[in-house]
Amino acid sequence: MLLITSAVLLAQPRLERKGNTAHIVANGKPMLMIGGEMGNSSASTLEDVRKYFSHLHKLGLNTVLAPVSWELIEPEEGHFDMTTVENILSEARKNELKVVVLWFGAWKNSMSCYTPSWFKRDTKRFPRAHMKNGMPVEEASSLSKNVLEADKRAFCKLMDYLRENDKEETVVMVQVENEIGMINVPRDYSADATKLYKGNVPTELTNYLDKNKKSLHPYIAERYRHDSNHKTWGQVFGDDIYGEEIFQTWTYAKYVQEIASAGRKVYNIPMFVNVALNSRGRKPGEYPSGGPLAHLIDIWHAAAPAIDVLGVDIYDKGFKDWLAKYHLHNNPLFIPEIRLEDKDAIYALYAFGHHGAMGFCPFSIEDYPIFSNQKGLDMEGMDLSQDDQLNAFSMKVEALSPIAASYRLLRQTEPLILERQGTNDMEGVLLTNEEREKEIVTPDGIKITVRHSYSLGWEPGAKNAEWPEVGCILLRLGKEDYLVIGSGVVLTFKDANKADRRIGLESCEKVEINGGKITVVRRLNGDQTHQGRHVRIPVEQFEIQHFRTYGY
């Protein structure tokens with residue numbers, strides 16, 4: 001009986017780490033979440049789920065992030081209705097999609113707007129946080145036991161349903177709450193919260209920070225002042241809005257730990273939290289204070305060990321910088337939300353190639369077209385069978401919209417990317433108007449310079465002052481044997497160590513990969529490689545090219 005139980009426990013999605021990268025393992029196979037997040041209300045009815053999941057399958061996703069809201073699964077206190085979850089699971093399976101469930105519980109974008117009516121109306125039993133003037137805000141108190149227990153009960157019912165009804169491992173991960181954090185104020189100023197704030201910092205936190213002092217985030221390392229004379233929150237972290245934010249972070253993270261740990265006791269699958277960024281020079285409360293922000297990661301790790309990952313939601317400029325801030329030695333990179341734009345096609349390549357990202361998921365993905373409106377064949381409205389759709393993909397790839405084209409390449413190369421996560425055999429490149437080239441030295445001692453393909457001056461738009469963002473993933477298959485996956489790049493080669501040794505292009509092919517088998521679509525030479533001088537994928541074309549080099 002013990003052996004059977006152990007086997008059952010192993011047959012569920014899990015997180016597998018490789019250095020400072022990670023990926024999901026589902027049905028015994030590693031996977032990248034080549035995905036998208038649905039709009040907040042787009043999975044609330046069966047009609048919407050049917051329509052959108054079919055679209056997302058054709059768009060090329062393997063994973064959809066879908067909201068499950070407390071108000072829909074517990075419309076009456078103690079009476080649960082899992083119809084929403086049932087619809088998501090059944091339609092995901094029909095469309096060969098994995099699911100990340102987004103739990104919209106006590107908080108969504110800071111506010112308690114997805115809580116049931118019976119919760120909203122009973123503010124005595126389920127109190128709100130308060131501003132300094134005593135005015136309540138539309139945010140449930142993170143210190144209320146009643147709030148916690150009600151939220152926990154509903155979340156555990158959800159996890160119980162998944163355990164009993166998802167033997168196919170359709171759901172691979174769960175988000176606990178959504179973009180948690182205080183708005184308008186840096187912390188809850190209710191009487192209970194203020195009493196705790198004026199008291200001593202819990203030894204659970206100070207012990208953790210002392211133990212991990214050498215690896216703390218620089219922000220916490222600078223603010224942390226704990227000794228016999230510094231014990232209160234204000235003394236230990238500073239009696240200002242930034243110290244107050246750290247206090248609020250602790251209360252939120254402890255709350256999330258209670259929810260996540262209870263849920264994992266029911267069904268132990270990976271869990272994460274997502275964050276609204278502290279961007280544009282805003283202060284705590286102007287952005288959601290106390291959320292799982294990078295500079296507060298040590299507080300979250302101390303308080304909420306049941307959470308695997310802090311995911312970053314990106315709606316601001318500075319994509320590279322945001323990824324660097326959230327891909328840390330103690331936090332693998334996951335992008336559960338990013339503004340839906342064509343350039344996400346390039347950003348996905350960089351995230352998976354350079355950072356070994358677990359997943360990349362543009363927001364409101366159901367609104368994105370499969371085929372480009374500007375060129376090629378627009379088949380969006382045509383009544384095509386699935387086989388016809390797939391044939392259309394292979395016959396006229398240039399008709400695909402950018403994200404669909406990029407995802408098609410990522411799906412083909414997913415096993416190769418996973419094998420090379422966290423190694424020197426993979427690199428991702430993102431070129432911008434300001435940074436138009438990047439050098440990579442491979443384990444073969446070859447310096448590969450990746451330039452914007454406009455740098456050749458051959459393509460329409462090359463003379464424009466503003467060049468579009470382009471990029472690629474470079475995979476090393478073996479000695480002097482490579483794949484480049486991307487758009488808008490040109491690659492040239494030098495020996496990294498010997499100035500008198502040339503590196504030539506032995507061969508170059510446009511390829512497709514199916515079931516791990518590389519199929520040559522076209523042999524490239526002559527004008528396509530500039531007589532062996534380079535490997536090139538023009539702007540707006542998304543391709544996989546297989547090339548080999550040699551030295552002389």
Side-chain angles (χ1 to χ4, degrees), residues 320 345-347 349-350 352-354 405-406 409 413 416-417 420 423-511 513 518 520-552:
K320 277 188 176 181
I346 300 298
Y347 288 168
L349 297 173
Y350 179 71
F352 287 121
H354 184 70
S406 179
L409 305 187
T413 54
L416 296 172
I417 293 170
R420 289 157 180 80
T423 74
N424 293 329
D425 287 334
M426 178 171 70
E427 181 57 281
V429 174
L430 172 60
L431 301 180
T432 66
N433 190 57
E434 293 74 30
E435 187 180 358
R436 297 181 175 185
E437 69 174 64
K438 174 75 174 178
E439 289 184 347
I440 300 167
V441 177
T442 76
D444 301 316
I446 298 173
K447 182 188 291 183
I448 299 180
T449 301
V450 184
R451 293 186 177 90
H452 200 295
S453 67
Y454 275 5
S455 64
L456 297 172
W458 299 345
E459 298 174 37
K463 290 183 171 57
N464 294 346
E466 190 78 20
W467 287 5
E469 290 170 303
V470 298
C472 66
I473 298 175
L474 183 69
L475 297 179
R476 180 176 178 269
L477 302 182
K479 184 174 175 56
E480 298 186 330
D481 188 6
Y482 303 92
L483 289 182
V484 59
I485 306 138
S487 176
V489 294
V490 57
L491 282 62
T492 55
F493 319 99
K494 286 184 178 180
D495 192 296
N497 303 307
K498 299 178 181 179
D500 61 346
R501 183 173 183 266
R502 289 185 179 273
I503 301 297
L505 186 61
E506 178 186 306
S507 62
C508 184
E509 302 157 335
K510 178 181 175 180
V511 301
I513 303 174
I518 297 177
V520 177
V521 175
R522 180 176 296 164
R523 181 81 170 192
L524 302 175
N525 208 330
D527 293 344
Q528 283 66 53
T529 65
H530 201 198
Q531 330 315 320
R533 292 183 180 92
H534 64 222
V535 170
R536 172 178 167 243
I537 306 173
V539 170
E540 295 187 353
Q541 291 186 29
F542 286 82
E543 295 180 2
I544 305 171
Q545 292 188 16
H546 178 211
F547 65 93
R548 292 185 176 91
T549 62
Y550 70 102
Y552 61 98

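In this text the structure is predicted, and so the values were computed from the model without any measurement.
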Check your understanding: Is it the case that H452 and E437 place a side-chain donor and acceptor less than 3.5 Å from each other?
Key ->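 Side-chain D/A pair, H452 to E437: absent.
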Point to revise | Stepwise side chain to side chain donor-acceptor pair (under 3.5 Å) check, R436 with S455 | key: CA-CA 8 Å; R436 297 181 175 185; S455 64; over 6 Å; no
Review point. Should the ring pair H534 and H530 be called parallel, tilted or perpendicular, given that the plane angle runs from 0 to 90° and is split at 30 and 60?
Key: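 Rings of H534 and H530: tilted, 30 to 60°.
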Practice item. Anything under 30° is parallel, anything over 60° is perpendicular, the rest tilted; go ahead and classify W467 against Y454. Key: perpendicular
Validation row: [X], [Y] side chains within 4.5 angstrom (heavy atoms):
X    : Y    : answer
I473 : V484 : no
V489 : V450 : yes
W458 : V490 : no
R420 : L416 : yes
L475 : D425 : no
K447 : D495 : no
I417 : M426 : yes
S406 : L349 : yes

Point to revise | Between F493 and Y482, ring centroids under 6.0 Å | key: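 No, the ring centres sit 6.0 Å or more apart.
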Could you pull out the closest heavy-atom pair between [X] and [Y], with the gap in Å?
X    : Y    : value
G457 : K463 : O-NZ, 4.5 Å
D444 : G478 : OD2-O, 3.9 Å
I503 : K494 : CG1-C, 3.5 Å
G471 : I346 : N-CG2, 3.6 Å
E543 : I537 : O-CD1, 3.6 Å
Q545 : C508 : OE1-SG, 3.4 Å

Hey, what do you get for [atom1] ([X]) to [atom2] ([Y]), rounding to the nearest 0.5 Å?
X    : Y    : atom1 : atom2 : value
T432 : E466 : OG1   : CD    : 9.0 Å
E459 : N464 : CD    : CG    : 11.5 Å
F352 : T413 : CZ    : OG1   : 9.5 Å
I446 : K479 : CD1   : NZ    : 7.5 Å
I544 : I513 : CD1   : CD1   : 4.5 Å
L474 : T442 : CG    : OG1   : 8.0 Å

Review point. Has N433 got more than 12 heavy atoms of other residues, nucleotides or ligands less than 6.0 Å from its CG?
Key: yes
Practice item. Evaluate whether atom CZ of R522 has more than 12 neighbouring non-hydrogen atoms of other residues, nucleotides or ligands under 6.0 angstrom away. Key: no
Point to revise | Trace of the side-chain contact (heavy atoms from CB on, under 4.5 Å) decision for R476 with N424 | key: CA-CA 8 Å; R476 180 176 178 269; N424 293 329; over 6 Å; no
Exercise for review: Start with the C-alpha gap between I485 and C472, add the side-chain angles, then the distance that decides, and say whether side-chain contact (heavy atoms from CB on, under 4.5 Å) holds.
Suggested key: CA-CA 5 Å; I485 306 138; C472 66; 5.9 Å; no
Review point. So R533 and L505, side-chain contact (heavy atoms from CB on, under 4.5 Å) or not? Walk me through it.
Key: CA-CA 7 Å; R533 292 183 180 92; L505 186 61; over 6 Å; no
Using modelled atom types and a 3.5 Å cut-off, is there a donor and acceptor pairing between side-chain atoms of [X] and backbone atoms of [Y]?
X    : Y    : value
S487 : Q541 : yes
E427 : I440 : no
K320 : L430 : yes

Practice item. Could you please spell out the steps behind the salt bridge (Lys or Arg N to Asp or Glu O under 4.0 Å) verdict for E439 and R451? Key: CA-CA 9 Å; E439 289 184 347; R451 293 186 177 90; over 6 Å; no
**Study point:** Pair E480 + R548, salt bridge at N-O below 4.0 Å
**Key:**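 R548 and E480: not salt-bridged.
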Point to revise | Derivation and outcome, side-chain contact (heavy atoms from CB on, under 4.5 Å), residues V521 and V511 | key: CA-CA 5 Å; V521 175; V511 301; 5.5 Å; no
